[in-house]
Amino acid sequence: MNCKKDIFILALETSCDETAAAVTRNGLDILSSVVSSQIDLHEKFGGVVPELASRKHLEFINPVIEESLAQAGVHKEELDAVAATCGPGLVGSLLVGLSAAKTLSFLLDVPLIGVNHILGHIYANFISHPELQTPVLCLTVSGGHTDLLYFEDLKGYEILGRTRDDAAGEAFDKIARFLELGYPGGPVIEKLAREGDSGAVDFPRAEFKDDTLDFSFSGLKTAVINYVHNQRQKDEKINKADIAASFQKTVFDMLIKNVIKAANKMEVKSVVLAGGVAANEKFRCRLENELTSKKLPLFYPERKYCTDNAAMIGAAGYYQFLNRDFAALDLNPEPGLRL
Ligand code: KG4
Ligand code: ZN
């Protein structure tokens, strides 16, 4: 008889502008994943307004938790642990999820697990692809991070490269804002770029003197802004679709170049993508083509697990649970937490 007990974890994610709760069984089995988005609220401001975000989290956190437990058919008393994102993110937003998690952990007398948001994005891959083999190369591209990591196995990783200034998603958001396209920038630029010519403008790519796997996107951002100003001064037409397509292509050129460089260096069995930018179909398609010639499979989470959600926090939290990597009740949010 198999007496192994199932491990139920309630996970909360409130690092930015989504209030999310999920219930996971044994890590990768997602019993529920509820996400309440605030996009409509922040859209008119062209970015997330931290004070508004935390107030909305306060309003939604309890109903979202109740909904996730109800959808999973799990009672609070059955939970083995409560996990919550402890950083990186907006401090006021993180505090809401973390405070709720601490309260539940204390009341239910179960361990509290503080999960790094970025690690969550990576584990979203293992939810979608439990068959995925290590060692694995991981590119994390979100609004706050651009990291290239090497996982020998699921328990540890090495940082191969990271951005020296803006994150890739941040560059999308800033350019979308500059071109008055709306927020968040990635999806609107992806959509507009389909109508444009990616060869229309030859934007510069960051070059480093050392043999690094780091990234840099702030020079590209300046180049796009300068280009538009110059066109305006010359009274020439500004074709936003061409700019979007050319900008997007340049970002992807830089990302793909380093992934291929790293894949040549390390012996990996697969490559995974994480973070909001990984939702971009053009990017996935281009990278997949490049990796096919190296016989390396590319994995990325299902679309619903690419953007912020709590299922990924529950999955990462499960491996911390197995390692007994628990947090004390005085755990504080860390807005600048890194991997
Ligand atoms: O991972 P995520 O949802 O949140 C964090 O930053 O943690 O990523 C959001 C970022 C934003 O910068 C957004 O513009 C970008 O991911 N993004 C995209 C796409 N969808 C979201 N970037 C390019 N193409 C997309 N389709
Ligand atoms: Zn995120």
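Positions are given from 1, in the same order as the sequence printed here. Since the structure is predicted, the reported quantities are computational estimates derived from the model, not experimental observations.
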Practice task
For Asn309 and Thr307, indicate whether the former's side chain and the latter's backbone hold a donor-acceptor pair under 3.5 Å.
Solution key: yes
Problem - For Arg338, salt bridge (charged side-chain N to carboxylate O under 4.0 Å, His left out) partners two or more places apart - result: none
Practice task
Looking only at non-hydrogen atoms, find the nearest pair between Pro333 and Pro335 and report the distance.
Solution key: O-CD, 3.6 Å
Problem - Side chain Glu158, main chain Leu160, donor-acceptor under 3.5 Å - result: no
Exercise for the section: State, with a plain yes or no, whether a side-chain heavy atom of Tyr183 is found less than 4.5 Å away from one of Val48. Expected result: yes
Completion exercise
Value for CG (Leu148) from SG (Cys138), rounded to nearest 0.5 Å, stands at 8.0 Å
Exercise for the section: Kindly say whether Val272 contributes a backbone atom to a donor-acceptor pair with the side chain of Asn125 at under 3.5 angstrom? Expected result: no
Problem - Full working for salt bridge (Lys or Arg N to Asp or Glu O under 4.0 Å) between Lys174 and Glu170 - result: CA-CA 6 Å; Lys174 284 180 176 171; Glu170 188 181 1; 3.2 Å; yes
Problem - Heavy-atom closest pair, residues Leu296 and Ala263 - result: CD1-CB, 3.9 Å
Problem - salt bridge (Lys or Arg N to Asp or Glu O under 4.0 Å) partners of residues 319-330, not counting sequence neighbours, each pair once - result: none
Exercise for the section: Please say whether more than 12 non-hydrogen atoms of neighbouring residues, nucleotides or ligands are located less than 6.0 Å from NZ in Lys282. Expected result: no
Handout entry: Cluster companions of Val91 among Ile, Leu, Val, Met, Phe, Trp, Tyr (side-chain spacing under 4.5 Å)
Key = none
Handout entry: Residue pairs, two or more places apart or on separate chains, that pass side-chain hydrogen bond (donor to acceptor under 3.5 Å, both in side chains) and touch residues 234-249
Key = Asn239-Asp242, Gln248-Asn280, Lys249-Asp253
Exercise for the section: Check whether any side-chain heavy atom of Val34 lies under 4.5 Å from a side-chain heavy atom of Thr19, and answer yes or no. Expected result: no
Handout entry: Summary of salt bridge (Lys or Arg N to Asp or Glu O under 4.0 Å) pairs that have at least one residue in residues 75-90, sequence neighbours excluded
Key = Lys5-Asp80, Glu66-Lys76
Handout entry: Selection residues 276-299 - residue pairs positive for ring-ring contact (aromatic ring centres under 6.0 Å, His included), sequence neighbours left out
Key = His129-Phe299, Phe252-Phe283
Practice task
Please test Asp153 against Thr134 for side chain to side chain donor-acceptor pair (under 3.5 Å), starting from the C-alpha separation and ending with a verdict.
Solution key: CA-CA 5 Å; Asp153 53 41; Thr134 53; over 6 Å; no
Practice task
Check whether Leu52 and Ile61 end up in the same hydrophobic cluster, where Ile, Leu, Val, Met, Phe, Trp and Tyr are linked by side-chain heavy atoms less than 4.5 Å apart.
Solution key: no
Handout entry: Separation between CG of Leu179 and CD1 of Ile189, rounded to the nearest 0.5 Å
Key = 6.5 Å
Exercise for the section: Give the minimum heavy-atom separation between Ala81 and Ile113, together with the two atoms involved. Expected result: CB-CD1, 3.8 Å
Problem - Contact summary for Leu337 and Cys86, nearest pair of heavy atoms - result: CD2-SG, 4.0 Å
Problem - Asp165 side chain vs Phe217 backbone, donor-acceptor pair below 3.5 Å - result: yes
Handout entry: Val277 reachable from Leu119 in the ILVMFWY side-chain graph, under 4.5 Å edges
Key = no
Exercise for the section: Could you tell me whether the side chain of Tyr300 reaches within less than 4.5 Å of the side chain of Glu288, counting heavy atoms only? Expected result: yes
Completion exercise
Output for pair (Leu255 CG, Leu287 CG), nearest 0.5 Å, gives 9.0 Å
Practice task
Measure from the ring center of Tyr319 to the ring center of Phe126 and say whether it is less than 6.0 Å.
Solution key: no
Review item, side-chain donor-acceptor pairs of residues 92-111, under 3.5 Å, at least two apart:
residue, atom, partner, partner atom, Å
Ser93, OG, Cys16, O, 3.4
Ser99, OG, Leu95, O, 2.5
Lys102, NZ, Leu329, O, 3.3
Lys102, NZ, Leu331, O, 2.6
Thr103, OG1, Ser99, O, 2.6
Ser105, OG, Val110, O, 2.8

Practice task
Give a yes or no on whether Arg177 atom CZ has more than 12 heavy-atom contacts from other residues, nucleotides or ligands under 6.0 Å away.
Solution key: no
Practice task
Check for a donor-acceptor pair, side chain of Asn258 on one end and backbone N or O of Leu213 on the other, with a separation under 3.5 Å.
Solution key: yes
Completion exercise
Rounding to 0.5 Å, atoms CG (Leu69) and CG (Leu10) come to a distance of 5.5 Å
Handout entry: Shared hydrophobic cluster for Leu139 and Leu149 (ILVMFWY, side-chain gaps under 4.5 Å)
Key = no
Problem - Backbone N/O of Ser68 and side chain of Ser32: donor-acceptor pair under 3.5 Å - result: yes
Practice task
Side-chain contact test, heavy atoms from C-beta onward, threshold under 4.5 Å: evaluate it for Asp211 versus Lys261 and give yes or no.
Solution key: yes
Fill in the blank from the handout: Given the options Phe151, Tyr123, Tyr150, Tyr157 meets ring-ring contact (aromatic ring centres under 6.0 Å, His included) only with Phe151
Problem - Residues Arg55, Glu59; criterion salt bridge (Lys or Arg N to Asp or Glu O under 4.0 Å); working and verdict - result: CA-CA 6 Å; Arg55 276 192 240 167; Glu59 212 176 294; over 6 Å; no
Handout entry: Heavy atoms of other groups near Glu131 CD, more than 12 under 6.0 Å
Key = yes
Practice task
Using the side-chain hydrogen bond (donor to acceptor under 3.5 Å, both in side chains) rule, collect all pairs that involve residues 262-277, keeping only residues at least two apart or in two chains.
Solution key: Asn264-Lys294
Practice task
Name all residues meeting the ring-ring contact (aromatic ring centres under 6.0 Å, His included) criterion together with His145; count only those two or more places apart in sequence or in a different chain, and write none if there are none.
Solution key: none
Problem - Minimum side-chain heavy-atom gap Asp6-Asn26 below 4.5 Å - result: yes
Practice task
Name all pairs fulfilling the salt bridge (Lys or Arg N to Asp or Glu O under 4.0 Å) condition that reach into residues 302-314, sequence neighbours left out, sorted by first residue then second.
Solution key: Glu281-Arg303
Practice task
Drop me the distance from Leu339's CG to Ile122's CD1, to the nearest 0.5 angstrom.
Solution key: 5.5 Å
Completion exercise
Smallest heavy-atom separation, Leu112 atom then Ala328 atom, equals CD2-O, 3.6 Å
Practice task
Treating Ile, Leu, Val, Met, Phe, Trp and Tyr as nodes and any side-chain heavy-atom pair under 4.5 angstrom as an edge, say whether Val141 and Leu137 lie in one connected cluster.
Solution key: yes
Problem - salt bridge (Lys or Arg N to Asp or Glu O under 4.0 Å): pairs with one or both residues in residues 17-28, sequence neighbours excluded - result: Arg25-Asp29
Exercise for the section: Taking all heavy atoms of Ile313 and all of Gly120, pick out the closest pair and write down the distance. Expected result: CD1-CA, 4.2 Å
Exercise for the section: Describe, in one word, how the ring planes of His121 and His117 are oriented to each other, choosing from parallel (under 30°), tilted (30 to 60°) and perpendicular (over 60°). Expected result: perpendicular
Exercise for the section: Spell out, as yes or no, whether a donor-acceptor pair under 3.5 Å connects the side chain of Asp214 to the backbone of Arg162. Expected result: yes
Practice task
I would like to know whether Val136 and Val268 meet side-chain contact (heavy atoms from CB on, under 4.5 Å); could you show each step before the answer?
Solution key: CA-CA 5 Å; Val136 58; Val268 290; 5.7 Å; no
Practice task
Can you measure from CD1 (Ile30) to CE (Met312) and round to the nearest 0.5 angstrom?
Solution key: 11.0 Å
Fill in the blank from the handout: Across all chains, not counting sequence neighbours, the salt bridge (charged side-chain N to carboxylate O under 4.0 Å, His left out) partners of Asp202 are Arg205
